[in-house]
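Just so we're clear, the structure is a prediction, and the values are computed from it rather than from any experiment. These values consider heavy atoms only, across backbone and side chains, with no hydrogens, waters or symmetry-generated copies.
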Amino acid sequence: MDKVYEPAKYESDIYQKWEQSGAFSPTKNADAEPFSIIMPPPNANGSLHAGHLMYVVEDIATRYSRMQGRPTLWLPGTDHAGIETQYVYEKKLEAEGKSRFDLGPQKFYDEVMVFTQAQQGTIITQMKSMGFSADWSKLKFTLAPDIIDTVYDTFIHMHKEGYIYRGNRIVNWCPRCGAAFPDIETDHIEREGKFYTLDYGALKIATTRPETIFADVAVAVNPKDPRYKNLIGQTATIPIIDRVIPIIADEHVDQKAGTGALKVTPGHDFNDYEIGLRHNLAEITVIDFEGKMINVPEEYAGLPVAEARQKVAEALNSAGKLIEEKTIVHAVAIHDRCGTVIEPLLSEQWFLRIKELNKPVIDAIESEAVKFHPPRFKRLALDWLKQEHDWCISRPGWWGIRIPVYYMTNNDPSKEPHFVAKTEDEARKYYGEGNYRAETDTFDTWFSSSQLPYADLMATGDFEQFYPTTLMATARDILHKWVTRMIMFSLYVKSEVPFRNVYLWGMVTDEKGQKLSKSKGNYGDPLEITAQYGTDALRLALSIGITPGNDDKLSEEKIAGYRNFCNKLWNVARFSAGKVGEGYMPSAVELKTPADHWIAERLNQTVTKATEAIEAYRFSEAGQLAYALLWDDFADKYIESAKSNLNANLLIAGLEVILKLIHPFAPFVSEAIWQELPWHKSLLISESWPELSFQPDSKEAEQFQLEVIDMLAKADEGRKQAALQREISAKQNLVRLTETKLTNDAFIKNAPEQVVTRERELLAQTKVQLKQLEGEIGKLTSS
RNA sequence: GGGCAAUUAGCUCAGUUGGUUAGAGUGCACGGUUCACAUCCGUGAGGUCAGAGGUUCGAAUCCUCUAUUGCCCACCA
C-alpha cells in the first residue's frame, strides 16, 4: 500500500467495479423490508449545482439499507424543467442570432430534446463521480412516453371529476416569458416607487399605479370607517377620463393604509379581483400580455407600463388631480427565474382546484403517515396547505408535456367547446376532421414532476415492491411546490402516500453564509474539489457537522480536514495489513488483553449508536461516531497498544467494522482499502452492516485506562507523572462535586431515585479509580 | 404584519428526553526526524453557552421578554 491515499488513483476503477457487480440494482430478499428513494430529478439543462451535492444524504441512506440486507432501490431521473429549459435554450439560440420562432414548435422541441439528452449525460457523469449508487439502468426522464402517459391519465381523471377547469382568472403574468406563474414562483423585492394621491371627486385615493385608473370599476371603503360611512352607495369620478364609478363597502379595506379608500381594479390586482367577485364588478383589462397599455386613451396606448405610469402622472398633475406625490419603498412582485416585474392580469388558463384535494394531504401529514425530518417542517407544510389557492397548471411554453386538449374551431352547438383526449384520433372522431385545433400550451413542470413517485415506479416495473417509497430527501425550498404536491397526487391517484419520510436539507453556502453560485465565483466545479481532495472528503464535509433543514457552510479547510481523515484511515489499514503480515487469513477473535476488551467495547458501543443515529436520519452524528472511533480510539490508542502486543484477528476485525461503518459516508476509500486486503474476494458495498460480535468484559476494559497513561508516557516519567496528576485532580474534583450533591437534602428528596443511584455509583466508582491512580503515582515517586 | 431558524472557543459547528468538570474539527502557541500516517504525534491557551427574568434540588437544554442575523409567508392599495 502507498504511504498516502491518492483518491484519483482509485475512484473511477472502484465505481466501475460497483456498477459491474450489479450492486446498484435491488436484490430480491423477500424477508427484508424494501427500501426506496426517488431521486429528485436534476434539471436536464445544465450541470450539477451545489444543491445536488446534498444527494450524498440519499446515497448514505441507500448504502446503509443495502448493507442491512434490504432490497434497496435508489431510482434516478432527470427533469425536463419546462419553461426554465426553454429559456436556457432560447439564450443559446439568441447567441446564434436566432429565436424559437425561426424553428417552430416541433423543430424547437426536437432540438431541445437533443440538447437535454446531452446535458443529461454530463449530469449523470457528475453524479457518478460523487459515488452515488443509484440504479442508473432505470433512469427516467420526465418526458419519457410512459411518464407522459401517466400524467395524461391523471389529468383526464381529474378533469372528469371536476378538479380541473379552464378559466379566465387573474394570474401572475410575466411579460418577458409570456407565461403565467403560481405565487410560489414569484419573489418580492423592495423597490423605490412613487406614491400618488389622486382626486376622485368625492374622496381621495392613494396609489402606486396611476396607469391602472382606466381599469377602475369602483372605489371601496371599510364599512366601519367613520370618514366614509356616508359616502357608501354614492359615486366617485375617475380623473382624466371622468368616468363615474360606485363607492362600495368592503371589509378587506384597511382604514390605515393610504387614504383609507381603495380604487378597485379587478383586472390588474389580486385583492381587487376578489373584491370584484364579492360585489359582482366588471373586469377591465388595460395591460396586454406584453406589458403594454391597451383599451386606454390614445396617447397612452401601446406604451410599456412604466412609461405609461409616468405619463399618466404628468397628465393628472396638469389636470390638477394630483394632490400629493411622495417616494416610498414598497415590495414589487417579480418572476423568480427572470426577475421581470409581474403584471397581475386576466388570462385563460387551466386550473387545478386544489382545496378539496389537499384535505387528505393534511390528514396524512397530521397523522404522520408522512413524517418530516426535522419535524418543524410538519407545521410549515400544514400552514401552507390550508391556504393554497387554485393552481394554474398551464404554461404557454413549447418545451414540456402538451396539455391533452382539443378546441372546437367551428361553432357546433351540439359539441363542447373543448375536448380532453389522450390522442388526436379521439378528437377527430368527436369534432370531425378540420373542426378542431390542438392545445399548444404545456403543463407546469411541477404538474408532472409531482407525479414521479408512482409514475417512475410504474414505468420501471417496481411499483408493487417499492411503493410507497421509504424516503424523500430534497431541498427545503421545494417543500411547497413539490413535496406537498407529490403527496396530493399520490393520495388522489393511488390512495396512498408516496413516501413515509421526508428529509429536508438547506442551502449549501460558503464559509460566509453566501449561497454557492458560479456567478458569485465562490463555487467551482465539484469535480475540481474532488480531484484535489478526493470525493470522500467532500462527501464527509457535506454529511458531518451539519443539521438537517439548516444551511450548511462548506469551506476548503473543512474538506481538507476530511481528506486528512481518509488518509488516516488508509494508514491505519496500511499498518494493520503490514502488522499481520503476508498470507494472513482471518480467524475467530479472542479477547485477551485489557486493550482488547476496551476496543471491543468501543466497537460495540459505536455500532449501536451509529446504527440508531442513521435509523433516525441523524447522519451527521453517525459519521462523527465513526470518525472518533477510528481516530481517537482505534488509531491513537488501540494501535499503539498493538505495537507491543498484537492480536491480529481483533486488529483486522476492528478495522473491518470501522470500514463498514464509514462506507456509506466515504465509500471510495473504504472500498479501496477493502480491496487492498488480500483475503477479501467480494466488494465492501455488498457486505453486511456490522453486528455486535464481541463480548468484552467491562472491568478489563476499564483497566486499559491506566495502561493508556502508561503507554503515552512510555520512556518519559515526568510526562507520565504529569498525566497521572491531571487525572487525579480531575477525579478528586468529581468526587468533591458528587459528594456535595449527595449531601444536599434537597437533591436527595427531589431528584428521581434513578439519578441519585447513578450519582452514588459514580462516586463509588470514581473513588476506586482514584485509589488506583494514587497507587500508580505513589509507585512512581518512590522509585 | 405573521411564522421559522440561528446566536456555545478566533472560525465552522455538536451537545438526543433538564443530571458527571460544556465537546469536536479547524486555527493559534510550544515541543517532537518513535520503523502506519508531517494529510502526522504530544502539550497548552482560549467559553460568565447573545442579554434579562422565571420554573427547578439542579438549566446551554424548559417558560417569558429583549437584541442581532438569516429565511419563508402575507401585504403594503
Side-chain angles (χ1 to χ4, degrees), chain A residues 1 3-5 183-184 188 195 205-209 212 220 252-254 256-265 269-272 328-332 374 376-377 379-380 383-384 387 476-477 479-480 506-507 509 511 513 533 537 541 544-547 549-555 557-558 560-579 609 612-613 616 618 620-621 624 627-628 631-632 635-636 639-640 643 712 714-716 719 722-723 729-731 733-734 736-738 741 744-752 754-756 758-759 762-763 766:
Chain A
M1 285 174 83
K3 196 168 168 181
V4 168
Y5 171 61
D183 295 345
I184 197 81
H188 290 85
F195 195 46
I205 303 281
T207 182
T208 54
R209 304 207 57 185
T212 64
H252 172 263
V253 178
D254 181 353
K256 281 169 275 171
T259 61
L262 171 69
K263 69 198 251 328
V264 182
T265 319
D269 183 283
F270 282 91
N271 288 315
D272 294 8
I328 57 158
V329 173
H330 64 133
V332 182
R376 70 186 142 94
F377 288 104
R379 206 155 58 74
L380 226 57
D383 287 351
W384 162 263
Q387 49 152 37
R476 178 185 65 191
D477 51 325
L479 165 65
H480 298 150
M507 259 191 322
T509 70
E511 61 269 41
Y533 295 106
I544 298 181
I546 64 152
T547 312
N550 289 0
D551 290 350
D552 306 323
K553 287 183 185 153
L554 195 61
S555 64
E557 288 80 26
K558 190 175 177 187
Y562 288 112
R563 183 264 323 258
N564 297 352
F565 169 76
C566 293
N567 191 54
K568 186 76 182 179
L569 183 59
W570 179 262
N571 271 289
V572 163
R574 190 159 95 105
F575 170 84
S576 307
K579 199 81 184 167
K609 281 193 199 160
E612 270 171 19
R618 298 195 308 265
S620 171
E621 189 183 324
Q624 224 152 12
Y627 182 106
W631 207 314
D632 303 342
D636 287 354
I639 278 194
E640 287 310 314
K643 281 177 181 172
L712 291 179
K714 258 186 203 153
D716 188 340
R719 253 171 74 183
S729 40
K731 298 283 183 213
N733 236 325
L734 183 53
R736 198 167 349 146
L737 226 104
T738 318
K741 206 181 248 183
N744 181 347
D745 286 346
F747 173 71
I748 301 296
K749 220 189 291 171
N750 296 310
Q754 264 183 319
V755 174
V756 179
R758 198 165 63 212
E759 293 286 337
L762 176 72
L763 182 63
T766 314

For this session: Answer with base, sugar-phosphate or nothing: what part of the nucleic acid does A/V264 contact at a heavy-atom distance below 4.0 Å?
Result: nothing
Exercise. Quantified in whole Å, what is the P atom distance between nucleotide B/U66 and nucleotide B/G2?
Worked result: 11 Å
Problem set entry | Donor-acceptor under 3.5 Å (A/N571 side chain, A/K3 main chain) | yes
For this session: Would you please confirm or rule out a distance under 4.0 Å between OP1 or OP2 of B/A36 and any side-chain N or O of A/N571?
Result: no
For this session: With heavy atoms under 4.0 Å as the rule, sort A/A635 into base, sugar-phosphate or nothing.
Result: base
Exercise. Looking only at side-chain N and O atoms, does A/R379 come under 4.0 Å of OP1 or OP2 in B/C4?
Worked result: yes
Problem set entry | Pairwise P distance for B/G31 and B/U48, with rounding to whole Å | 29 Å
Problem set entry | Test item: side-chain donor near acceptor, A/T265 and A/K263, under 3.5 Å | yes
Exercise. Looking only at atom P, what distance separates B/G15 and B/U7, rounded to whole Å?
Worked result: 10 Å
For this session: Verify the contact: side-chain N or O of A/K731 to OP1 or OP2 of B/U20, cut-off strictly under 4.0 Å; return yes or no.
Result: no
For this session: Please work out if A/F195 contacts a base, only the sugar-phosphate, or nothing of the nucleic acid, heavy-atom cut-off 4.0 Å.
Result: sugar-phosphate
For this session: Identify the nucleotide, in any strand shown, that forms a Watson-Crick or G-U wobble pair with B/C40, with both distances under 3.5 Å; if there is none, say none.
Result: B/G32
Exercise. Are A/L380 and A/L479 side-chain neighbours, meaning at least one heavy-atom pair lies under 4.5 Å?
Worked result: yes
Seminar exercise, completed: Closest to the side chain of A/N271, out of B/U20, B/U16, B/C75, is B/C75
Exercise. What is the distance, rounded to the nearest whole Å, between atom CG of A/N550 and atom P of B/A5?
Worked result: 9 Å
For this session: Considering only NZ, NE, NH1 and NH2 on the basic side and carboxylate oxygens on the acidic side, decide whether A/E640 and A/K643 come within less than 4.0 Å.
Result: yes
Exercise. Phosphate oxygens OP1/OP2 of B/C41: is one of them under 4.0 Å from a side-chain N or O of A/K568?
Worked result: yes
Exercise. In the structure shown, which nucleotide is the Watson-Crick or G-U wobble counterpart of B/C65, with both distances under 3.5 Å?
Worked result: B/G51
Exercise. Within the pair A/K553 and B/C13, is there a side-chain N or O less than 4.0 Å away from OP1 or OP2?
Worked result: yes
For this session: Remember a base hit wins even if backbone is also touched, and classify A/D745 as base, sugar-phosphate or nothing at under 4.0 Å, heavy atoms.
Result: nothing
For this session: Hey, which sits more toward the 5' end of RNA chain B by its nearest nucleotide, A/V755 or A/D552?
Result: A/D552
For this session: Please tell me which of A/I205 and A/R574 maps to the more 5' nucleotide of RNA chain B, matching each residue to the nucleotide holding its nearest heavy atom.
Result: A/R574
For this session: Report the base-pairing partner of B/A60 (Watson-Crick or G-U wobble, both distances below 3.5 angstrom), or none.
Result: none
Seminar exercise, completed: Partner of B/U16 under the Watson-Crick or G-U wobble criteria, both distances under 3.5 Å, comes out as none
Problem set entry | Nearest-angstrom distance, C1' atom, B/U16 to B/C73 | 31 Å
Problem set entry | For atom CD1 of A/I544 and atom C1' of B/G23, their distance in whole Å | 15 Å
Problem set entry | P-based separation of B/C49 from B/G23 [nearest Å] | 14 Å
Exercise. Quick one: are A/I639 and A/K579 in side-chain contact, heavy atoms under 4.5 Å?
Worked result: no
Problem set entry | B/C41 and B/C65, which share atom name P, separated by this distance in whole Å | 48 Å
Exercise. Between B/U39, B/C57, B/A77, which nucleotide gets closest to the side-chain atoms of A/V4?
Worked result: B/U39
Problem set entry | Non-hydrogen side-chain atoms of A/W570 and A/V4 separated by less than 4.5 Å | no
Exercise. Would the A/Y627 and A/Y562 ring centres measure less than 6.0 Å apart?
Worked result: yes
For this session: Report which part of the nucleic acid A/G561 touches: base, sugar-phosphate, or nothing (heavy-atom distance under 4.0 Å, all strands).
Result: nothing
For this session: Could you check which nucleotide pairs with B/G25 in any of the strands shown, counting Watson-Crick or G-U wobble with both distances under 3.5 Å?
Result: B/C11
Exercise. Rounded to whole angstrom units, what separation is found between the CD atom of A/Q624 and the C1' atom of B/U16?
Worked result: 13 Å
Exercise. Starting at CG of A/N564 and ending at P of B/A36, how long is that distance when rounded to a whole Å?
Worked result: 19 Å
Exercise. Base, sugar-phosphate alone, or nothing: which one does A/T738 contact when heavy atoms must sit under 4.0 Å apart?
Worked result: nothing
Problem set entry | Rounded distance in Å between the P positions of B/A29 and B/C71 | 36 Å
Exercise. If the P atom of B/G3 is compared with that of B/U12, how far apart are they to the nearest Å?
Worked result: 29 Å
For this session: With the side chain counted from C-beta on, respond yes when A/R476 and A/D551 share a heavy-atom pair under 4.5 Å apart, and no when they do not.
Result: yes
Problem set entry | Rounded distance (Å) that lies between atom P of B/G25 and atom OH of A/Y627 | 6 Å
Exercise. So what's B/C75 paired with, Watson-Crick or G-U wobble, going by both distances under 3.5 Å?
Worked result: none
Exercise. Rounded to the nearest Å, what distance is computed from the CZ atom of residue A/R476 to the P atom of nucleotide B/C72?
Worked result: 8 Å
Exercise. Under 4.0 Å between a side-chain N/O of A/W384 and OP1 or OP2 of B/C4, yes or no?
Worked result: no
For this session: Can you tell me the distance, in whole Å, between the CZ atom of A/F377 and the P atom of B/C71?
Result: 15 Å
For this session: May I have the distance from A/I546 (atom CD1) to B/A5 (atom P), rounded to whole angstrom?
Result: 18 Å
Exercise. Reckon A/K3 touches a base, only the sugar-phosphate, or nothing at all at heavy-atom distances under 4.0 Å?
Worked result: sugar-phosphate
